[in-house]
Amino acid sequence: MNTRQDPKPVLWGIIGTGRIAAKFAYALTLADGAILTAVGSRQAETARRFAAEHPGPDDRRCNAHGSYADLAADPEVDAVYVATPHSRHCPDSILCMEQGKHVLCEKPFALSAEQARRMVDAAKANDVLLMEAMWTRFLPSLQRVKKLVDEGAIGDLRLLAADFAIRPNFDPNSRLFDPHLGGGALLDLGVYTISLGCWLFGMPSEITGTAHQGPTGVDDESAFVLRHAGGRFTLGYQSLRVDTTREAVIRGTAGAIRLNDPWWGARDFILEKLDGESTQENFQLRGQGYTHMAEAFMDLMREGRRDNTVIPLEESVQIMGIMDTLRGKWGLSYPGE
């Protein structure tokens, strides 16, 4: 149960009206002190429909804007959640920050490290809070896992192995497959494994990987190995061609922690000791997991913070750099990056 005492309300706007935008709008209804005030779309009718489906508390009217620029300029908005395709993350975030809005931007942070750096520079220039919406790190389950491994519950960490694979119907115009929208398995799915590996082990010193590029040129299947300090490894596999178990295992010298499907939104995990002892811990996720991140972001706003310790801006830039390196090995580039 949340124990915040009458937090100062934060008026939210959302750029984008897709599935992720809808998930976040729902998450805000469960977040203390959050009020959905406005939504922006490229089409006015789409914005009006989304606003009608996602009213604020007590059926408060949600302003519907037929352009992203109008949403960014809305004086009633304090913070904006950027839920557009990957190729729009950088320009849409900067658009909002230049209007003085705090920005929570969907993952991956951008198309490239260079774009991510421009976003960070814009946040500093406009004195606003910017954060990558890597919601997995804010889950109570993953917060507990991080605490356990930091305390040595499974000994010296050695390995993270994770898969994230789905099998959507092929559509060359879908954001998953369209290079103009930053499609591909790495940016959409693999970023979760890379982010978790960096959170556990720090930045890698060696980056290797391979990919299969589908009809549209993006990676529809790929795998990577990251080598971290002390010879620790992150092994990641992501695919748009097959289904997998969607599990993650963190192994140490004294045991392992197993995150079950879907590991990036884990509601439970199993701690396995070498002596055969096994313990399962279960957690309640609010707003399908997004509410925890939204509340953490609002707390930072209220404290006047411009960065955070869970997913620091510099780390978001470096994670984009890891994916830049992998794509460089594969010869995969995006228009406009």
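If you're wondering where the values come from, they're calculated on a predicted model, not measured in any experiment.
- Under the 4.5 Å side-chain contact rule for hydrophobic residues, Leu187 and Trp330 share a cluster.
- The aromatic rings of His54 and Phe50 lie tilted to each other, with the angle between the two planes from 30° to 60°.
- Taking the side chain as every heavy atom from C-beta outward, Tyr68 and Arg88 approach each other to under 4.5 Å.
- To the nearest 0.5 Å, the span separating CD on Glu315 from OG1 on Thr309 amounts to 10.5 Å.
- Note on Lys101 versus Asp74: no salt bridge recorded, every NZ/NE/NH1/NH2 to OD/OE distance being 4.0 Å or above.
- Closest of all the heavy-atom pairs between Gly336 and Gln115 is O-NE2, 3.6 Å.
- The line from CH2 of Trp199 to OG1 of Thr136 is 9.0 Å long, rounded to the nearest 0.5 Å.
- A heavy-atom distance below 4.5 Å is not found between the side chains of Glu106 and Val82.
- With rounding to the nearest 0.5 angstrom, the CG atom of Leu300 is 11.5 Å from the CG atom of Leu130.
- We find the CD1-NZ distance between Ile250 and Lys146 to be 10.5 Å, quoted to the nearest 0.5 Å.
- Between the Glu247 side chain and the Pro262 main chain, no donor and acceptor come within less than 3.5 Å of each other.
- In terms of modelled atom types and a separation under 3.5 Å, the side chain of Thr29 and the main chain of Ala25 share no donor-acceptor contact.
- By the 6.0 Å contact criterion, NZ on Lys124 is open, its count of non-hydrogen atoms from other residues, nucleotides or ligands being 12 or less.
- In this structure the side chain of Ile311 reaches within 4.5 angstrom of the side chain of Ser195, judged on heavy atoms.
- The salt bridge (Lys or Arg N to Asp or Glu O under 4.0 Å) analysis of residues 232-242, with sequence neighbours excluded, yields the pairs Asp156-Arg232, Asp220-Arg241, Glu221-Arg241.
- Within a 6.0 Å sphere centred on CZ of Arg251, heavy atoms belonging to other residues, nucleotides or ligands number 12 at most.
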Q: Evaluate side-chain contact (heavy atoms from CB on, under 4.5 Å) for Leu271 paired with Ile154, printing each intermediate quantity in order.
A: CA-CA 8 Å; Leu271 174 62; Ile154 57 173; 3.4 Å; yes
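- The shortest side-chain heavy-atom distance between Tyr81 and Phe297 does not fall under the 4.5 Å cut-off.
- In terms of modelled atom types and a separation under 3.5 Å, the side chain of Arg175 and the main chain of Leu181 share no donor-acceptor contact.
- Note that CG of Asp178 is 11.0 Å distant from NE2 of His86, once rounded to the nearest 0.5 Å.
- When atom types are taken as modelled, the side chain of Arg306 and the backbone of Asp127 share a donor-acceptor pair closer than 3.5 angstrom.
- The heavy-atom pair separating Val145 from Leu259 by the smallest distance is CG2-CD2, 4.1 Å.
- A donor-acceptor pair under 3.5 Å is absent between the side-chain atoms of Thr193 and the main chain of Leu235, judged by distance alone.
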Q. Passes side-chain contact (heavy atoms from CB on, under 4.5 Å), Asp219 versus Leu332? Steps please.
A. CA-CA 8 Å; Asp219 68 302; Leu332 171 56; 3.7 Å; yes
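- Ionic pairing of Glu314 and Arg117 is present here: one or more N-O contacts between side-chain nitrogen and carboxylate oxygen are shorter than 4.0 angstrom.
- Checked against the 6.0 Å centroid criterion, the rings of Phe233 and Phe201 do not qualify as a close aromatic pair.
- Two residues are said to be in side-chain contact when any heavy atoms from C-beta on lie closer than 4.5 Å; Ile194 and Leu186 meet this criterion.
- The two atoms that bring Ala27 and Thr291 nearest to each other are O-OG1, 2.9 Å, heavy atoms only.
- Across Ser41 and Thr17, no two heavy atoms sit closer than the pair CB-CG2, 3.9 Å.
- In terms of hydrophobic clustering, with Ile, Leu, Val, Met, Phe, Trp and Tyr side chains grouped at heavy-atom distances under 4.5 Å, Tyr192 and Ile20 are assigned to a common cluster.
- Looking at heavy atoms from C-beta onward, Arg246 lies in side-chain contact with Trp264 at the 4.5 angstrom threshold.
- Considering all non-hydrogen atoms of both residues, Gly183 and Tyr334 come closest at O-OH, 2.6 Å.
- Side-chain atoms of Lys273 come within 3.5 Å of backbone N or O of Ala153 as a donor-acceptor pair.
- In the displayed structure, Asn169 atom CG is contacted under 6.0 Å by at most 12 heavy atoms of other residues, nucleotides or ligands.
- Under the 3.5 Å distance criterion, with hydrogens and angles disregarded, a donor-acceptor pair is assigned to the side chains of Ser222 and Gln238.
- Checked for salt-bridge contact, Lys147 and Asp150 miss the test: no charged N lies under 4.0 Å from a carboxylate O.
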Q: Show your reasoning for whether side-chain contact (heavy atoms from CB on, under 4.5 Å) applies to Asp78 and Thr37.
A: CA-CA 9 Å; Asp78 300 320; Thr37 301; over 6 Å; no
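- Looking only at distances, no side-chain donor or acceptor of Thr234 sits under 3.5 Å from a matching main-chain atom of Leu160.
- Cluster annotation: Leu36 and Leu11 are assigned to distinct hydrophobic clusters (Ile/Leu/Val/Met/Phe/Trp/Tyr, side-chain heavy-atom contacts under 4.5 Å, transitive).
- At a threshold of 4.5 Å between non-hydrogen side-chain atoms, the residues Pro108 and Met320 count as touching.
- No donor-acceptor pair under 3.5 Å is formed between the side chain of Arg258 and the backbone N or O of Glu272.
- A donor and an acceptor atom, one from each side chain of Arg61 and Asn63, are located under 3.5 Å apart.
- The pair Glu53-Arg49 does not count as a salt bridge, with every side-chain nitrogen at least 4.0 angstrom from each carboxylate oxygen.
- The cluster map of Ile, Leu, Val, Met, Phe, Trp and Tyr, joined by side-chain heavy atoms under 4.5 Å apart, puts Met134 and Leu200 in the same cluster.
- Atom CD of residue Gln284 and atom CG of residue Leu139 lie 12.5 Å apart, to the nearest 0.5 angstrom.
- Relative orientation of the Trp263 and Phe164 rings is perpendicular, given thresholds of 30° and 60° on the angle between their planes.
- A parallel orientation is assigned to the rings of Trp135 and Tyr290, their planes being inclined by less than 30° (bins at 30° and 60°).
- Remark: the backbone N or O of Phe177 is paired with a side-chain donor or acceptor of Thr216 at under 3.5 angstrom.
- Between the side chain of His292 and the backbone N or O of Arg286 there is at least one donor-acceptor pair closer than 3.5 Å.
- Atom CD of Glu45 sits in a crowded spot, with more than 12 heavy atoms from other residues, nucleotides or ligands closer than 6.0 Å.
- Annotation for Cys105 and Ser93: closest pair SG-OG, 3.5 Å, computed over non-hydrogen atoms.
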Q: Applying side-chain contact (heavy atoms from CB on, under 4.5 Å), run through Leu104 and Phe24 and close with a yes or a no.
A: CA-CA 11 Å; Leu104 178 61; Phe24 190 76; 3.8 Å; yes
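- Criterion: ILVMFWY side-chain heavy atoms under 4.5 Å apart, direct or through other members. Under it, Met298 and Ile35 are not part of a common hydrophobic cluster.
- Using a 4.5 Å cut-off on side-chain heavy atoms (C-beta onward), Ser141 and Asp268 make no contact.
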